[in-house]
Each structure stands twice: as structure tokens, then as C-alpha cells.
Amino acid sequence: MAGVLSLLVLCLTGYGWTQYHNLVAGLHTSDALGGDTKSVNGDTNILIMGLDSRLDENGNALPQDIYDALHAGDQQDGGNNANVLMLLHVPGDGSKATSLSIPRDDYVDIPGCPDGQCKGKIKQAYGLAFDQKAKQLANQGGDKGQREQQEREAGRKAEIDTVRQFLGGVTVDHFAEVTLVAFFQIAQVVQPITVCLNENTQDTYSGANFRQGQQQINASQAVAFVRQRRDVVHPQLNFTDLDREVRQQAFISSLAYQLKQGGVFTNPSQLQGILNVAKQNMAVDAGLDLMSFAGQAANLTGGNISFVTLPIVKFGKNSSGEDVNIVDVAQVQAAVRQLIGGPAPATSAPATSSAGSGSQPAQATVDVVNGTSRTGLAATVSHALAAKGYTAGTTSTDAHHVSRTVVYYGSGGSTSASAVAKLLGGVTTEHDTTVPAGHVRVVVGTAFTMPTALAGSGGGAPGGSPSTTPSSGPPDTSAPPSGLSGGGIPCVK
């Protein structure tokens, strides 16, 4: 969905001034950003919000044939949550752009407490403010379309404020709001699209049914590709929303690469189709000058962009029993500063002292990879080590299972790796040049049994009351999260 804005801008480089004015005349524009502070040095930050709504930009139901193709229910499904959140950072000096994916279920503070809710999933800020405004306007009568836009404007402001606060006060220069149908219609214009998968996969919920390797998919399959969050072929792989974030990134990278290679930007019919979709089912802030931005955006299809998913600590539940992502706000904000800059933290987190004999928690961030079919094992191990004072790094699940547990370390990390290996029951350590400085990587094998000392130190199943400030030590400042690089067709889970 984040690619839609880039597509529009790139269209303008071929369509010129006249078509630019035709586009602007038909786009939904918003004053949600108002007079907010802007980036300096020519940098541009654009927040992409992909709405879960099964309605058009005016709040109207879609034709039945589109609902059939989307395989996502009808107008009664979805809602006004911002299920896709990406912050696109384009440096003014022409260096590599960065797209930050913000997991939709991150449990955060919501400024202004819309609908009386001060904490929630980050995606909910839009819908809560939308609903609050709808209640205020319910008895005022007037035009339904005008009320819809006022409700959307409230949602946009709340979502922008929530993202800005969560990421540490980053500047949001512009935004683009995209509905689910807009994504589908863009895909219709440019289909077929080439994607690549590491394994055969199938999901009846989203309609996904793909084979291993590169393949060309149509618009309906494209929606399934970016929405899949289950896998009936490999249920042990524990397909999560974080995997879906990577799917979305891979799709954008593949699409941008294909469009440049295939000459779409010199095809008047396809360009007009993209422009028409933008007018129907997309909104941008009133201050976005697409022509001025065109030069910067032109680099994005050449692969001059990287895609990163912001880190979470673990999966958990809120007080209502809903699944949420537990996040370390300081860790997230440190990663954002490393990746795209931004305001310095108001206060520095104190160093964590050693929390156990033989451990060095202040010197090591521990990334954990689940190499088994046991759901949630990486999060369990990460939580147990965090309870010993180590900084929780990333957690993930490997598609390929391994039998033995190994602690990998990079330059200067052998002592830390040995301490972690001892806590895990005396497992093997090995040097690996791909492990960042200050980190160790634990790959948990099928033969692993949680040591008693760890099981009694927070090593139970992930869950419990969420907190935005978990006691996992100081935020990692040694290396930002890794991600996909643009410029090709990446193979993903």
C-alpha cells in the first residue's frame, strides 16, 4: 500500500503539468496536519495509512464483484482501523530511503484518549477518534458525505499524533490514506505482478494459495498475498502479523522493480488507470506537492530504498484478553533515531546492572530464533533472558527446524555468548560474522529444554499484562533492526 504514493508521483514525471492539475482536482485532500513542524534539510517523512474498511473513500459500499475478488467479507467487515502503517523517509540528499513498518498491534498510549480509551493497539487510534466524532455529529443532520469526511479527519489526526508520539516525536511532513479497494484496483491496473515465496503456502481465510518460487499473480491474489496470516500447509511455522509486514514490504519491492522494468510509466492507459484509482479511494494531505516530490520519489523504483519492521518485545494480551504486541518504547525510538534521525530522547535510560552470576546483561542484546515447531518458544526464551537483565532483541521463527541450540556471536562477543549459553544449560557457542556488534543470536533447537533456573525467572508462556516499559534493560543502540532491500523480487515466507 505504501507503494501507491510512489506510483502516483512517478506517473507525474511522465504525465506532466496538465495531468498534475487534473489529479489534484480529483483527489481527496485533508488539513489533518495543519501547521505542524516540517523536516529540515530537504528530508521528507510520509505516513502511509492503509485502512481496514471494506468501503470506499466516501463511506459507501463497494460493488459485489469487488467483494468477491477481495475475499475479505463485505461492507459489514473490517472497520476504520489503520491496519497498515508505514513511515516512508526520503532523505533530501538523495541517499537511500527507508520505509518503517509499524506492527498494527503494538500496544501504545493514544493521545487525547478518544472514546475514553487512553491505551490500545496503535491501529485503533484512527477508528476510536472516527467513532467519537461520529457520535458528536449523529444528531446534527446534514450531508452524509460531509459527516464522513469530518469523521475521517478526526481519525487521521489521532493516528498521526499516536504514531508521532510512539516514534519519539518524529516529524510527519505528509500522509497518504489508502483503502483496501484502492490497493486491489491499483493491482488490477498493473497485473500480473511477480512475487517469490520460500515454501508452498495456503490460507483459506485470505484466499492465499501459492507455490514455492517466483510466480505471477493477479489483483485478487495480490490482496491475498499481503493479507495472509495463516498457513495450513505449514501450521508449525506460526505465521504472524510480523510475517505479513514482510509480505507487504516484499510486494512493494517487487512491484516497484517490475514497474520500472516493464515500462508502465510510459503507458498512458495504465497511468490513467492509476490516476483514476487515486481519485476514487485515496486521500493525501493538502500540503503535499507531488510535482516537487517527484524527483525524490523517482529513485525509489531503482531499489534505493530499504524496508524495516520496528521491533517488539513479545506477543501478549491486554487486560481484556486481546492479543497485542508488547513493545519497549525506548528501544523502538532508539531504532527510529538510528534509521531516520529525529529528536534526542528527553532522558537517558540508566544502565542495567548485572542480574545473575556469570551474565553480562548490560553488554549484550539477545536475539532469539525459534528453530522448532513449538509456538511462541522464541518469545519465551527472550522473556526469560530479559528477566535475568539481558536486553531483549528481535524474536523470529525459522522455516527450517534444527535439533541443537546454538548461541552465535560476532566480533568481541564471545564472553557474552558464553554467559548466555551457560544460562541456557551449557549449549554450544559459535562465531558468526553476520551477528551485529553488541548482540548474540540464540537459535533454539528441537532438543532444547528450559533450565529450571530460567523457567522460574519469567520463562513461562508469553502473555500477561502488557507494558510499554518492560524491564528488559536499556534500549539497544548498537544496530537498527534489519529488513528487506528494494531493487528486486525478494523471496519471503
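Between the side chain of Asp173 and the backbone N or O of Lys38 there is no donor-acceptor pair closer than 3.5 Å. In this structure a side-chain-to-backbone donor-acceptor pair under 3.5 Å is missing from Gln165 to Thr162. Of the possible donor and acceptor atoms, one in the side chain of Gln331 sits under 3.5 Å from a partner among the backbone N and O of Ala392. With hydrogens and angles disregarded, no donor-acceptor distance shorter than 3.5 Å links the side chain of Arg244 to the backbone of Gln228.
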Exercise. Does the salt bridge (Lys or Arg N to Asp or Glu O under 4.0 Å) test come out yes or no for Asp115 and Lys135, once each step is laid out?
Worked result: CA-CA 9 Å; Asp115 255 0; Lys135 292 174 181 175; 3.4 Å; yes

For this session: Applying side chain to side chain contact (heavy atoms under 4.5 Å, CB included), run through Arg247 and Leu197 and close with a yes or a no.
Result: CA-CA 9 Å; Arg247 281 284 189 91; Leu197 290 165; 3.5 Å; yes

For this session: Show your working on side chain to side chain contact (heavy atoms under 4.5 Å, CB included) between Tyr107 and Asn325 and close with a plain yes or no.
Result: CA-CA 6 Å; Tyr107 192 72; Asn325 299 331; over 6 Å; no

Problem set entry | Worked verdict on Gln214 versus Val195 for side chain to side chain contact (heavy atoms under 4.5 Å, CB included) | CA-CA 6 Å; Gln214 284 196 11; Val195 297; over 6 Å; no

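Side-chain contact check for Asp93 and Ser95: at least one donor-acceptor pair (N or O, by modelled atom type) lies under 3.5 Å. With 3.5 Å as the limit, one finds a donor-acceptor pair spanning the side chains of Thr309 and Gln249.
Among Glu177, Lys157, Glu159, the one residue that satisfies the side-chain hydrogen bond (donor to acceptor under 3.5 Å, both in side chains) test with Tyr126 is Glu177. Put simply, the residue from Thr240, Leu242, Val327 that forms a side-chain contact (heavy atoms from CB on, under 4.5 Å) with Pro103 is Leu242.
The pair Asp285-Arg156 does not meet the salt-bridge criterion, since no charged nitrogen lies less than 4.0 angstrom from a carboxylate oxygen. Contact check on Lys493 versus Asp243 returns a salt bridge, with a Lys/Arg side-chain nitrogen under 4.0 Å from an Asp/Glu carboxylate oxygen. Electrostatic pairing of Arg441 and Asp367 does not count as a salt bridge here, judged by no charged N lying under 4.0 Å from a carboxylate O. Between Arg152 and Glu148, at least one side-chain nitrogen of the basic residue sits less than 4.0 Å from a carboxylate oxygen of the acidic one, meeting the salt-bridge criterion. A salt bridge links Lys317 with Asp323: at least one charged nitrogen is closer than 4.0 Å to a carboxylate oxygen.
Taking the six-membered ring for Trp and the full ring otherwise, the centers of Phe251 and Phe307 sit at least 6.0 Å from each other.
The side-chain heavy atoms of Leu339 and Val308, taken from C-beta on, include a pair separated by under 4.5 Å.
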